Each structure stands twice: as C-alpha cells, then as structure tokens.
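Only a predicted model underlies this, so the values are computations on that prediction, with no experimental measurement involved.
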Amino acid sequence: MKTPPIVSPQEWEEARERLLVKEKELTRARDAMAAQRRRMPWMAVEKEYRFEGPTAPQACSSCSRAVAS
C-alpha cells in the first residue's frame, strides 16, 4: 500500500486549506442540487394506496387529512 508523504506542519496546513476549498465547493453544489430537487413539480397520485394505520388500514387520502389537521 502506498502511503501519503510525510510533510511539515506548514505543508500539511496548505494541503488542508486546498482540500477545504474543494469540500466547500462540493457542499454548495450538493445544496444547489437539493434546492433544485425541492423545486421539482409535483405529480398527482391517481392510484389508491392503503397503509396500516394505528387502528386499521387507511387510504392514502385519509392519511394526508390526518397529517394536515
């Protein structure tokens, strides 16, 4: 296994700073992608889904009313 070189504290700090810049770019890109995903249009759900509720099976439409209230 090839290991990274041993460097001085100053060289390590410079490398860390360069990596931090790239990490921040990646975070900003991920945040922008997530914002784009949230702005995606919605699609109507036509199919009737049934879920197990606390007391009995429920239709998807009744679940959304329970959450909204």
Side-chain donor-acceptor pairs under 3.5 Å in residues 3-15, sequence neighbours left out?
| residue | atom | partner | partner atom | Å |
| --- | --- | --- | --- | --- |
| Ser8 | OG | Glu11 | N | 3.1 |
| Ser8 | OG | Glu11 | OE1 | 3.2 |
| Gln10 | NE2 | Glu14 | OE2 | 3.3 |
| Glu11 | OE1 | Ser8 | N | 3.0 |
| Glu13 | OE2 | Arg16 | NE | 3.3 |
| Glu13 | OE2 | Arg16 | NH2 | 2.8 |

- Item | Least distance between heavy atoms, Pro57 atom then Glu52 atom |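 That closest heavy-atom pairing would be CG-OE2, 3.7 Å.
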
- Give, for atom CG of Leu26 and atom CZ of Arg28, the distance between the pair rounded to the nearest 0.5 Å.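 CZ of Arg28 is found 11.0 Å from CG of Leu26.
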
- Could you note down all residue pairs passing side chain to side chain donor-acceptor pair (under 3.5 Å) where residues 29-38 supplies at least one of them, sequence neighbours left out?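 Passing the test, one end in residues 29-38: no pairs.
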
